[in-house]
S.K.: 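Questions regarding the structure given below will be posed in turn.
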Amino acid sequence: MNSNKRPISITILACVYLAIGALTFAAHFHELLARQQDAGWVELTEFTAVLCGIFLLRGHNWARWLALAWIAFHVVLSAFHAIPEFVIHSVFCVAIAWLLFRPAAAQYFRDGGSEAT
């Protein structure tokens, strides 16, 4: 593999972060407009997912750590909800960590995502 080529797994994961962040931001935006309690924090976490997606595509190393922190935060939150929700978030967290820290991904982030876009 060319050391500056973005792994397809990172491209897909970044697109998932972008989609989830954008869709959930839009879905919860009415709560922000209604000034519901904690709506600002919810929107901030969704905006963070969008940022993760953008900067994962650009190969910024800090973005993969933020992406992992984002899903880990959701694991912690889901610990206070139903067991199946906690299990699903935990499985996603492990899978995302594996994708972000595989050797090909590590090389891509180490090179700073020097792929021309």
S.K.: Can you name the side-chain hydrogen bond (donor to acceptor under 3.5 Å, both in side chains) partners of Thr48, sequence neighbours left out?
M.R.: none
S.K.: Do the side chains of Phe86 and His81 get nearer than 4.5 Å, heavy atoms only?
M.R.: no
S.K.: Closer than 3.5 angstrom, by distance alone: can the side chain of Arg6 be matched with the main-chain N or O of Gly59 as a donor-acceptor pair?
M.R.: no
S.K.: How are the rings of His74 and His89 set relative to one another: parallel (under 30°), tilted (30 to 60°) or perpendicular (over 60°)?
M.R.: parallel
S.K.: Hey, could you give me the NE2/OG1 distance between His28 and Thr24, rounded to the nearest 0.5 Å?
M.R.: 6.0 Å
S.K.: With a sphere of 6.0 Å drawn around CH2 of Trp62, does it hold more than 12 non-hydrogen atoms of other residues, nucleotides or ligands?
M.R.: yes
S.K.: If we only count heavy atoms from C-beta on, is the Leu56 to Phe109 side-chain gap below 4.5 Å?
M.R.: yes
S.K.: Can you find a heavy atom in the side chain of Tyr108 that is under 4.5 Å from one in the side chain of Ile10?
M.R.: yes
S.K.: At what distance, to the nearest 0.5 angstrom, does CD1 of Ile8 lie from CG of Leu13?
M.R.: 11.5 Å
S.K.: Report yes if some heavy atom in the side chain of Val94 is under 4.5 Å from a heavy atom in the side chain of Trp98; otherwise report no.
M.R.: no
S.K.: Under 4.5 Å between side-chain heavy atoms, hopping through other hydrophobics if needed: is there a path connecting Phe55 to Phe47?
M.R.: yes
S.K.: Let me see the working for Ser78 and Glu85 under side chain to side chain donor-acceptor pair (under 3.5 Å), right down to the final yes or no.
M.R.: CA-CA 6 Å; Ser78 65; Glu85 185 178 340; 5.2 Å; no
S.K.: Are Tyr17 and Leu66 packed together at the side-chain level, in the sense that at least one heavy-atom pair is separated by less than 4.5 angstrom?
M.R.: no
S.K.: Start with the C-alpha gap between Phe101 and Trp65, add the side-chain angles, then the distance that decides, and say whether ring-ring contact (aromatic ring centres under 6.0 Å, His included) holds.
M.R.: CA-CA 10 Å; Phe101 293 94; Trp65 288 100; 4.8 Å; yes
S.K.: Can you list the steps and then say if Val16 with Phe92 is a side chain to side chain contact (heavy atoms under 4.5 Å, CB included)?
M.R.: CA-CA 12 Å; Val16 168; Phe92 283 156; over 6 Å; no
S.K.: Could you check whether any side-chain heavy atom of Arg64 comes within less than 4.5 Å of a side-chain heavy atom of Leu68, counting everything from C-beta outward?
M.R.: no
S.K.: Which atom pair, heavy atoms only, marks the closest approach of Gly21 to Ala49?
M.R.: CA-CB, 3.7 Å
S.K.: Are side-chain heavy atoms of Leu99 and Ile12 found at a separation under 4.5 Å?
M.R.: no
S.K.: Could you tell me which residues satisfy side-chain hydrogen bond (donor to acceptor under 3.5 Å, both in side chains) with Ser90, sequence neighbours excluded, listed by chain and number?
M.R.: none
S.K.: Rounded to the nearest 0.5 Å, what's the gap from CG on Leu18 to CG on Leu23? Could you check?
M.R.: 10.5 Å
S.K.: Hydrophobic cluster membership, with links at side-chain heavy-atom distances under 4.5 Å among I/L/V/M/F/W/Y: are Val91 and Ile83 in one?
M.R.: yes
S.K.: Where is the tightest heavy-atom contact between Thr45 and Val42, given as atom of each residue plus distance?
M.R.: OG1-O, 2.7 Å
S.K.: With a 4.5 Å cut-off on side-chain heavy-atom distances among I, L, V, M, F, W and Y, is there a chain of contacts connecting Ile96 to Ile20?
M.R.: yes
S.K.: Same hydrophobic cluster for Trp70 and Ile88, using side-chain heavy-atom links shorter than 4.5 Å among ILVMFWY?
M.R.: yes
